[in-house]
Amino acid sequence: MNDSTHSGLTVTRFAPSPTGHLHIGGARTALFCWAFAKRTGGKFILRIEDTDLARSSEESARGIMEDLAWLGIEWDEGPVLRHLGGQRPIGGDPRHVGPFFQAQRLALYNQYIESLVRAGRAYPAFETGDDLEVKRKAATAAKKTYRYERPADVQPGVFNEDRWQQACRGDAHVVRFLAPHEQIVVPDQVLGDVKIAPGELDDFVIRKADGMPTYHFAVVIDDELMGVTHVLRAQEHLANTPRHVAMQKALRRTDTGAPFRTPLYGHMPLIFNMDGSKMSKRDKAKIARASLKAAMQKDPSLTPASLAMTLGIDEAALTGFIAADNDALDTAERIARHLKIALPEIEVSDFRGNGYLPGAIVNFLALLGWNPGLKTQDGKDLEKFDAAFIADHFDLARIGKANAKFDRNKLLSFNAEAIGALTAAEFARRWMEWLAEFEPEIHAKASRLSAEQLTILAGALKPRAKTLRDALRPAAFALAGDDEYTFDAAAVEKNLLSADRAGMKLLVEFRGRLDTVEPWTPEAITAAIDAFAKEKGMPNPGGIAQPLRVALTGAGVSPGLGETMAVLGKASSLRRIDRCVQTHGA
RNA sequence: GGCCCCGUCGUCUAGCCUGGUCCAGGACACCACCCUUUCACGGUGGUGACAUGGGUUCGAAUCCCAUCGGGGUCACCA
């Protein structure tokens, strides 16, 4: 630890626990911490809170870092993330305040635990979790507030050597903080000072029986030692904060002897689903379960046993899942794949997999609980901006206090606009990248298109796709082989066969014209269609356009015919028309 | 239940701190119309909110109080 932790530099941190993917709400927290550091010329730290040994994993930590990097939220200090592509690594430890995994900081925590115990501000306690559980339940049953009862031999400010010795001998114990009997004030830049009356805090655990510090303790130690000046986090942490403040007042640094400082807090509004429930990965299990139950009701031949077989999972596990005994993500995902249903996006990786652009997510997230308070030139609220803008304008004073609901429609609209703003070539590049990662089979098919075809296709896809995944549907015609796509019976009947095969006759006639279209561009093709329609005295080109569309794509719906045929190429276009004529008779 | 936080259109919000320019503005969604070769895109217009009740004031979305409503938290999880 060095003096830089005491400089005027603002330091923020995002401190996820590596127990899963990065939640979309966590991404917002990270974004705000990042933005505040950037705005104030400070540092943004990533710290991994892996003190829950049972649930933490390294893969999870890595995944969280990759999701952050994908969003463009890069940490100045923290674990080093090296991209495969050889871009510069993110993270590092220029101030020497690491390591950034809490499990690697045990010695530090223990040192502070002991200092607290010796100062009579903490003490070992020997009750088991079960003992306390009984008391807690009794209190709840009696409609009383449960508070841990401080043992009679524990006195504030007095080192309890007996207990310490007993603990050092190896008796199972936890260490509890000796809560002060005084008012605690949490300095909050969003909510204003939040005051807690004396006696509201009880003696909470700061070191678990397994020797790991609790979240509350580790946070306080690390924030001080890493020089964190501003703690921005979700409001669910507000009720815990008095504990942190109380500890900060009791602690002194073992290196300099200086008292711990209380950082400024900013508790941000929570994000919920539209129905007011928490956004949780359990939502995925809920949807999968409901869909599966509906499917089983519709088709009584589906049994847990047969389903377990087709899904490739254990029958007991599936039965448990259906009964809501477990919310196994893997089961939910298999069910979704089998039933072809979409699971709600909850984690950053979900949005990524479904083809959202990081810029759109960042923009949308920024607006959940914050806004720049600026107007556009025509007087509307400014709400479209990029990360650089946020880094330039972010401001704690403009964080809202009220909880927000996550409106997927609006996100979708933001994403659609972000896609629309891309050039066709840029869209093509991103789409192909996305396909390679998430739809490799389709990527292989799309790779057969020339760069020129792909760009024309991309131009046609852009306005029809709110996400990269959305583009799959309008692109289907171009990815299928000339004799692979199927004809939609209703569309064929309506556009080709009805009215004494009027559409088919026009199609055959127009087919003869196609040879002369030169060059084979969207514009020239469209001109040929228009000219033909005019010549035939049609009120609009629909009379020939629809038969053509059905012949070329099999459906009555597709991108513009000029683009469609240009993407297919002249040879394929003719082949497709011929196949249609053969299939349905001239 | 205790403690704490919050409350403007269905949703995200501007306005609130520094009362009057607000019979409350924007965006998404929705509806209608226009454009149109289908589906989209785009354009124009529209429906739609100050939770309720008391104060204070010449005047309140804005200040105060109460009520109601929503949320968070009360772990050897973070």
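Throughout, protein chains are lettered first and strands after them, A, B, ... in sequence-line order, and every chain is numbered starting at 1.
Judged by distance alone, the side chains of A:Arg233 and A:Thr241 do bring a donor and an acceptor atom under 3.5 Å apart.
Stacking of A:Arg28 on the aromatic ring of A:Phe32 is recorded, both the 6.0 Å distance cut-off and the 45° axial limit being met. Judged by a 6.0 Å distance limit and a 45° cone about the ring axis, A:Arg136 is positioned over the six-membered ring of A:Tyr146.
The phosphate of B:rG1 has neither OP1 nor OP2 within less than 4.0 Å of any side-chain N or O from A:Lys143. Put simply, A:Asn371 has a side-chain N or O that comes within less than 4.0 Å of OP1 or OP2 on B:rA14. A:Lys208 has a side-chain polar atom (N or O) that falls below the 4.0 Å cut-off from OP1 or OP2 of B:rA78.
B:rG42 atom P lies 12 Å from atom CZ of A:Arg464, rounded to whole Å. Distance, A:Asp381 CG to B:rU11 C1': 15 Å, rounded to whole Å. Atom CD1 of A:Ile196 and atom C1' of B:rC5 are 10 Å apart (whole Å). Rounded to whole Å, atom C1' of B:rG1 lies 12 Å from atom CZ of A:Arg147. When rounded to the nearest whole Å, the span between CD1 of A:Ile399 and C1' of B:rC17 equals 17 Å. Regarding A:Leu411, its CG atom lies at a distance of 14 Å from the P atom of B:rC28, rounded to whole Å. The CD-C1' distance, from A:Glu133 to B:rA75, rounds to 8 Å in whole Å. Between A:Asn273 atom CG and B:rG71 atom P the separation is 13 Å, expressed in whole Å.
Backbone-only contact: A:Arg398 has heavy atoms under 4.0 Å from sugar-phosphate atoms and none from a base. Contact annotation for A:Thr128: base contact, defined as any heavy-atom pair under 4.0 Å involving a base atom. Across all strands shown, A:Gly369 has heavy atoms under 4.0 Å from sugar-phosphate atoms exclusively, and none from any base. Among the atoms of the strands shown, base atoms are found under 4.0 Å from some heavy atom of A:Val174. If you check every strand for non-hydrogen atoms under 4.0 Å, A:Glu417 touches nothing. The residue A:Pro559 sits close to a base: some heavy atom pair falls under 4.0 Å. At a threshold of 4.0 angstrom between heavy atoms, the contacts of A:Ala404 are confined to the sugar-phosphate backbone, with no base atom among them. When heavy atoms are screened at a 4.0 angstrom cut-off, A:His216 is found touching base atoms of the nucleic acid. Using a 4.0 Å heavy-atom cutoff across all strands shown, A:Leu191 reaches sugar-phosphate atoms only and no base atom. A:Arg176 comes within 4.0 angstrom of sugar-phosphate atoms only, judged by non-hydrogen atoms across all strands, and of no base. When heavy atoms are screened at a 4.0 angstrom cut-off, A:Arg136 is found touching the sugar-phosphate backbone but no base atom. No engagement by A:Asp210 is indicated, since no non-hydrogen atom pair under 4.0 Å with the nucleic acid exists. Within the nucleic acid shown, A:Thr526 comes within 4.0 Å of at least one base atom, counting heavy atoms only. Looking at heavy-atom distances under 4.0 Å, A:Lys278 makes contact with sugar-phosphate atoms alone, never a base.
Each of A:Ala402 and A:Asp202 was matched to the nucleotide of RNA chain B holding its nearest heavy atom; the match closer to the 5' end belongs to A:Ala402. Nearest-nucleotide mapping onto RNA chain B: of A:Phe272 and A:Asp407, the residue sitting toward the 5' end is A:Asp407.
Taking CG of A:Leu238 as the reference point, atom CD of A:Gln235 lies at 6.5 Å (rounded to 0.5 Å). In this structure, A:Leu411 CG and A:Phe364 CZ are separated by 4.5 Å, a value rounded to the nearest 0.5 Å. With rounding to the nearest 0.5 Å, the separation of CD1 in A:Ile346 from OG in A:Ser280 is 7.0 Å.
Regarding the sugar-base torsion, B:rC39 falls in the anti class, its angle being beyond 90° of 0.
Comparing B:rC3 with B:rC22, their P atoms are spaced 42 Å from each other, to the whole Å. Comparing the P positions of B:rC16 and B:rC35 gives an interatomic distance of 43 Å, to the nearest angstrom. Going from the C1' atom of B:rG2 to that of B:rG20 covers 43 Å, rounded to whole Å.
Below the 3.5 angstrom threshold, one finds a donor paired with an acceptor across the side chain of A:Lys410 and the base of B:rC12. No hydrogens or angles were tested; on distance alone, nothing pairs the side chain of A:Asn403 with the base of B:rG72 as donor and acceptor under 3.5 Å.
Under the Watson-Crick or G-U wobble criterion, with both distances below 3.5 Å, B:rG2 is paired with B:rU73. Figure legend. B:rG19 is base-paired to no nucleotide; pairs are counted as Watson-Crick or G-U wobble with both atom distances under 3.5 Å. Remark: B:rG7 base-pairs with B:rC68; criterion is Watson-Crick or G-U wobble with both hydrogen-bond distances under 3.5 Å. When Watson-Crick and G-U wobble pairs are counted only if both distances are under 3.5 Å, B:rA32 pairs with B:rU44.
By the 4.0 Å N-to-carboxylate-O rule, A:Glu200 lies close enough to A:Arg147 to be salt-bridged with it. Salt-bridge formation is detected for the pair A:Glu345/A:Arg408: a Lys NZ or Arg NE/NH1/NH2 atom is positioned less than 4.0 Å from an Asp or Glu carboxylate oxygen.
When distances are taken from the side chain of A:Thr145 to each of B:rG1, B:rA78, B:rG26, the shortest belongs to B:rG1. Which of B:rU38, B:rA29, B:rC12 sits closest to the side chain of A:Leu367 comes down to B:rC12. The A:Ala239 side chain lies nearest to B:rG72 when the options are B:rC76, B:rG72, B:rG26. If you check B:rA78, B:rG71, B:rU37 against the side chain of A:Asp530, the one that comes closest is B:rU37. Set against B:rU37, B:rC4, B:rA78, the side chain of A:Val194 has B:rC4 as its closest nucleotide. Looking at the side chain of A:Ala545, the nearest of the listed nucleotides B:rU37, B:rC76, B:rC41 is B:rU37. Checking B:rA27, B:rC4, B:rC77 against the side-chain heavy atoms of A:Phe414 singles out B:rA27 as nearest.
Residues forming a ring-ring contact (aromatic ring centres under 6.0 Å, His included) with A:Phe217 (at least two apart in sequence, or on another chain): none.
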